[in-house]
Amino acid sequence: MPLADCKIIQLPKISDPRGNLTFVEGGNHIPFDIKRFYYLYDVPGGSERGAHAHRGLHQFIVAMSGSFDVVLNDGKQAKRFHLARSYYGLYVCPMIWRALDNFSSGAVCAVLASSVYMESDYIRDYPQFLEEALT
Ligand code: TYD
């Protein structure tokens, strides 16, 4: 799918002197039903995560705390997104190569996903990704 389908989505933010609240509804704020939630944390400075694509998985990535970058690539062009707030996130459609880097200390990367974990959905080899993405 084209990179243009991936985008930053602003989420509702209920501002309150007691603390702010943000929520995400599958099929409403993000264009898929949520089947899985996972998160990256305790990421050492200089680490890179990701570096793979998914054949069918839709994901929504939020910096719950701290910040990091997500580089998306559809095989034709690449774009870097900086995530730094918990009231917006990045929608990543299927067949996009992604890498996450530039993690701040204490960063927590939350991921909402459209399916349970399936290793067969991953493409971990970049030449293989290009072959599947561009044909
Ligand atoms: P991976 O998706 O490669 O990590 P990242 O893209 O964040 O760098 O997953 C790392 C390992 O964790 C891999 O062995 C698969 C396993 N894993 C699960 O078992 N379940 C999951 O939901 C996820 C996301 C990963």
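Excluded from the calculations below are hydrogen atoms, water molecules and symmetry mates; all remaining heavy atoms, backbone and side chain alike, are included. Model, not experiment: these values are computed from the prediction. Here, residue 1 is the first one in the sequence, and each next residue gets the next number.
- Using modelled atom types, no side-chain atom of Asp121 and backbone atom of His54 make a donor-acceptor pair closer than 3.5 Å.
- Atom CG of Asp125 and atom CD of Glu132 lie 9.5 Å apart (nearest 0.5 Å).
- Other residues, nucleotides and ligands contribute over 12 non-hydrogen atoms within 6.0 Å of the CZ atom of Phe23.
- The shortest distance between side-chain heavy atoms of Tyr91 and Ile30 does not fall below 4.5 Å.
- Side-chain atoms of Leu40 and Phe68, non-hydrogen and from C-beta on, never get closer than 4.5 Å to each other.
- When all heavy atoms are compared, the tightest approach of His29 to Ile9 is O-CG2, 3.5 Å.
- Closest approach of Thr22 and Lys13 over heavy atoms only: OG1-CA, 3.8 Å.
- In terms of the ring-ring contact (aromatic ring centres under 6.0 Å, His included) criterion, Tyr38 has no residue partners (sequence neighbours excluded).
- Looking only at side-chain heavy atoms (C-beta outward), Val92 and Leu57 stay at 4.5 Å or farther from each other.
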Only distances under 3.5 Å count here; give the side-chain donor-acceptor pairs of residues 98-115 to other protein atoms, sequence neighbours excluded, each with its distance to 0.1 Å.
{"from": "Arg98", "atom 1": "NE", "to": "His52", "atom 2": "O", "distance (Å)": "3.0"}
{"from": "Arg98", "atom 1": "NE", "to": "Ile96", "atom 2": "O", "distance (Å)": "3.4"}
{"from": "Arg98", "atom 1": "NH1", "to": "Gln59", "atom 2": "OE1", "distance (Å)": "2.3"}
{"from": "Arg98", "atom 1": "NH2", "to": "Ile96", "atom 2": "O", "distance (Å)": "3.3"}
{"from": "Asp101", "atom 1": "OD1", "to": "Arg80", "atom 2": "NH1", "distance (Å)": "2.8"}
{"from": "Asp101", "atom 1": "OD2", "to": "Arg80", "atom 2": "NH2", "distance (Å)": "3.4"}
{"from": "Asn102", "atom 1": "ND2", "to": "Asp69", "atom 2": "OD2", "distance (Å)": "3.2"}
{"from": "Ser104", "atom 1": "OG", "to": "Ser67", "atom 2": "N", "distance (Å)": "2.9"}
{"from": "Ser104", "atom 1": "OG", "to": "Ser67", "atom 2": "O", "distance (Å)": "3.4"}
{"from": "Ser114", "atom 1": "OG", "to": "His58", "atom 2": "N", "distance (Å)": "3.0"}

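- Atom CZ of Phe37 sits in a crowded spot, with more than 12 heavy atoms from other residues, nucleotides or ligands closer than 6.0 Å.
- How far CD1 of Ile123 is from CZ of Phe129: 6.5 Å, rounded to the nearest 0.5 Å.
- The distance from the CD atom of Gln10 to the CZ atom of Arg85 is 11.0 Å, given to the nearest 0.5 Å.
- A pairwise comparison of heavy atoms in Ala78 and Val71 identifies CB-CG1, 4.5 Å as the closest pair.
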Practice problem: Evaluate salt bridge (Lys or Arg N to Asp or Glu O under 4.0 Å) for Asp16 paired with Arg18, printing each intermediate quantity in order. | Solution: CA-CA 5 Å; Asp16 190 306; Arg18 298 171 301 159; 2.8 Å; yes
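- Put simply, the side chain of Arg55 gets close to the backbone of Tyr122: a donor and an acceptor are under 3.5 Å apart.
- A 4.5 Å side-chain heavy-atom check between Leu90 and Leu72 finds at least one atom pair inside the cut-off.
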